[in-house]
Amino acid sequence: MGSRVREMAGATPVTRDRYIDLLRVASLGTVVLGHWLMAAVTTDGVGNLLAVVPGLQMLTWALQVMPVFFFVGGFSHALSYRSLLRRRPEDSTSSVYPSFLRARLQRLLRPTMVFVLVWGVAALVVQLLGGGGGLTGVTLRLVTQPLWFIGIYLAMVAFTPALLKLHDRYGWGAFAVLMGAAAAVDLLRFAAGVPYVEFLNFAFVWLAVHQLGFLRADGRIRRPALLAGAGLGAAVALVALGPYPLSMVGMPGEKISNMAPPTLALLCHGLWLVGAVELLRAPGARLVARPRVWRTVVAANGVAMTAFLWHLTAMLGVYGAMLALGIPLPEPATGAWWAQVPLRIAAAVAVTALLVAAFRTFERPVGVVPGRATSGAGAVSAVGVTLALLGVLGLSMVGYAGLLEGHTALLIAVHVSAPAAVAMALGGWLLVERAGR
């Protein structure tokens with residue numbers, strides 16, 4: 001693998017924006033580290049360190065960096081779609097769409113479907129053998145939660161052509177409309193008490209952040225300090241004066257979350273983060289220009305999705321091994337608990353590395369040669385990505401616990417079970433693959 005990484009790093013075009021690749025790796029790495037740190041596992045279950053020590057919630061204003069990943073996604077999707085249009089100028093956008101979806105989703109959905117199937121089989125075997133209690137049951141429920149991110153990302157890819165058209169025509173105006181829509185949703189939610197309207201912000205908030213990536217691709221974020229200051233000021237005001245909680249990640253038992261569904265406060269938080277990373281662009285570019293650093297970024301990007309999918313499995317596996325070996329689990333936030341943190345994280349890193357070694361082959365890109373889309377391929381692609389989106393979102397909510405009991409969770413006013421979610425995800429992926437050939 002080392003020689004392959006060196007070869008890829010050495011072949012990098014001079015025109016490539018390496019800082020974007022650095023942000024992609026750094027944002028996912030920060031999310032993984034945050035999950036490992038926040039897990040407060042005891043013999044009674046899994047809690048959240050931020051609930052145990054509320055004063056630490058302020059750290060989420062720096063460490064909740066998922067908006068940065070979606071911002072980077074917008075940048076990459078704009079470049080990819082425009083490149084495909086340039087290569088096939090004689091084709092209509094509808095015929096390019098299936099190839100674009102397959103090219104962008106291949107490295108996302110292949111490792112995701114492997115994760116879904118492996119854990120599905122494991123969960124079924126465990127529960128057929130009478131297991132599923134204690135930490136095992138918690139694991140079966142928690143390991144699928146990061147799939148919400150996959151679902152949101154699928155929506156971003158699916159809406160890229162339409163939103164890119166709006167961006168090309170209106171620029172910052174398109175972003176302003178999405179931000180205004182997010183504000184309107186919160187107003188209807190908190191002031192008028194309109195039921196279920198808050199779920200619209202899963203689209204408006206994250207697509208607005210994604211739209212910032214389009215603006216970055218066109219060099220239109222010219223005053224990052226102003227963007228960062230305005231976003232931070234607005235987020236502080238909303239939290240101080242409005243109904244929004246301090247934490248920028250979800251907290252157990254809270255009536256209002258900034259994350260699920262996302263709020264205007266989280267969107268303002270995203271503005272401040274995007275402005276901040278843009279302010280660091282020059283030193284970041286100098287850092288990633290160093291050959292050794294760039295090789296590290298290339299290697300990490302090649303396995304980032306696999307590591308993200310399996311990092312909770314690794315963490316919960318470490319805790320399970322500690323319980324099996326009789327290693328005591330101190331009360332969260334005590335001196336003994338903090339003393340164990342470096343060892344637990346080192347063990348989680350090692351287990352994640354083993355899982356990456358086992359499953360990284362599914363993240364390797366397979367050559368996608370754009371061909372002529374058949375009649376109706378665009379519609380098939382749209383159906384496929386919708387099914388995949390609903391499947392992974394449903395699975396992130398229902399998990400694999402209670403598989404044999406027919407446990408369900410509410411997804412957009414419909415109760416969905418784990419088998420139904422898996423079927424939708426797999427069926428959607430196969431449709432996208434077929435339509436893009």
Test side chain to side chain donor-acceptor pair (under 3.5 Å) applied to Thr263 and Asp186, step by step: CA-CA 7 Å; Thr263 63; Asp186 276 11; 4.7 Å; no
Main-chain N/O of Phe308 paired with His311 side-chain donor or acceptor, under 3.5 Å: yes
Within-4.5 Å side-chain heavy-atom neighbours: Val194 and Val185: no
Smallest separation among heavy atoms of Ala158 and Pro161, with atom names: O-CD, 3.7 Å
Asp218 and His167: side chain donor to acceptor below 3.5 Å: yes
Leu267 CG to Leu212 CG distance, which is reported to the nearest 0.5 Å: 7.5 Å
Minimal non-hydrogen separation, Val25 against Ala300, with atom names: CG1-CB, 3.7 Å
Side-chain donor or acceptor of Asn258 paired with backbone N/O of Pro245 under 3.5 Å: yes
Spacing of Leu147 atom CG and Leu393 atom CG [to the nearest 0.5 Å]: 9.0 Å
Side-chain heavy-atom pair Arg18, Val297 within 4.5 angstrom cut-off: no
Partner set under salt bridge (charged side-chain N to carboxylate O under 4.0 Å, His left out) for Arg344, not counting sequence neighbours: none
Rounded distance (nearest 0.5 Å) linking atom CG of Leu101 with atom CG of Leu431: 11.5 Å
His210 and Phe214 aromatic ring geometry - parallel, tilted or perpendicular at 30°/60° bounds: perpendicular
Steps toward side chain to side chain donor-acceptor pair (under 3.5 Å) verdict (Ser247, Trp61): CA-CA 8 Å; Ser247 175; Trp61 287 55; over 6 Å; no
Side-chain donor/acceptor of Glu198 to backbone N/O of Ala260, under 3.5 Å: no
Validation row: Val341, Trp36 side chains within 4.5 angstrom (heavy atoms): no
Intermediate values then yes/no, side chain to side chain contact (heavy atoms under 4.5 Å, CB included), Trp429 and Leu105: CA-CA 9 Å; Trp429 171 52; Leu105 296 182; over 6 Å; no
Stacked cation flag Arg110 on Phe362, 6.0 angstrom / 45 deg: no
Side chain to side chain, Thr313 and Trp119, heavy atoms closer than 4.5 Å: yes
Step-by-step ring-ring contact (aromatic ring centres under 6.0 Å, His included) determination, Tyr81 to Tyr97: CA-CA 8 Å; Tyr81 187 68; Tyr97 185 64; 7.7 Å; no
Phe70 ring center near Phe75 ring center (under 6.0 Å): no
Verdict with supporting geometry, Met315 and Val318, side chain to side chain contact (heavy atoms under 4.5 Å, CB included): CA-CA 5 Å; Met315 179 198 76; Val318 167; 5.8 Å; no
Side-chain (Gln64) to main-chain (Met66) donor-acceptor, under 3.5 angstrom: yes
For the student: nearest non-hydrogen atoms of Ala208 and Phe175, plus distance: O-CD1, 3.3 Å
Stepwise side chain to side chain contact (heavy atoms under 4.5 Å, CB included) check, Val65 with Val277: CA-CA 10 Å; Val65 294; Val277 298; over 6 Å; no
Interatomic distance, Thr386 atom OG1 to Met424 atom CE [nearest 0.5 angstrom]: 11.0 Å
Chi angles and distances behind the side chain to side chain donor-acceptor pair (under 3.5 Å) call for Arg24, Ser76: CA-CA 10 Å; Arg24 182 184 295 110; Ser76 301; 2.9 Å; yes
Minimum heavy-atom distance between Val143 and Phe115, given as atom pair plus value: O-CZ, 3.4 Å
Side-chain touch Ser417/His407, heavy atoms, less than 4.5 angstrom: no
Closest approach of Pro283 to Leu279 (non-hydrogen atoms, all atoms of both residues): CD-O, 4.4 Å
Polar side-chain atom of Thr352 near backbone of Ala314 as donor-acceptor pair, under 3.5 Å: no
Donor-acceptor under 3.5 Å (Tyr400 side chain, Leu124 main chain): no
Pair Tyr19-Leu280, side chain to side chain contact (heavy atoms under 4.5 Å, CB included): steps then yes or no: CA-CA 10 Å; Tyr19 182 54; Leu280 296 173; 3.6 Å; yes
CZ/Phe159: more than 12 non-hydrogen atoms of other groups inside 6.0 Å: no
Atom pair CE/CG of Met248 and Leu59 - distance to nearest 0.5 Å: 13.0 Å
Val416 side chain reached by Met397 side chain, heavy atoms, under 4.5 Å: no
Side chains of Thr60 and Gln57, donor plus acceptor under 3.5 Å: no
Validation row: Leu232, Leu271 side chains within 4.5 angstrom (heavy atoms): no
Sidechain-backbone polar pair: Ser83 side chain, Leu79 backbone, donor-acceptor under 3.5 Å: no
Euclidean distance, Arg216 CZ relative to Asp17 CG, rounded to 0.5 Å: 4.5 Å
Distance-only donor-acceptor check, side chains Thr306 and Glu363, under 3.5 Å: yes
Exam field: side chain His77 to backbone Gly73, donor-acceptor pair closer than 3.5 Å: yes
ring-ring contact (aromatic ring centres under 6.0 Å, His included) between Trp310 and Phe359, intermediate numbers included: CA-CA 9 Å; Trp310 292 96; Phe359 295 107; 4.5 Å; yes
Donor-acceptor under 3.5 Å (Gln127 side chain, Ala401 main chain): no
Phe71 and Ser27, any side-chain heavy atoms less than 4.5 Å apart: no
Heavy-atom closest contact (Asn201 atom, Ala181 atom, distance): OD1-O, 4.3 Å
Backbone N/O of Pro330 and side chain of Thr334: donor-acceptor pair under 3.5 Å: no
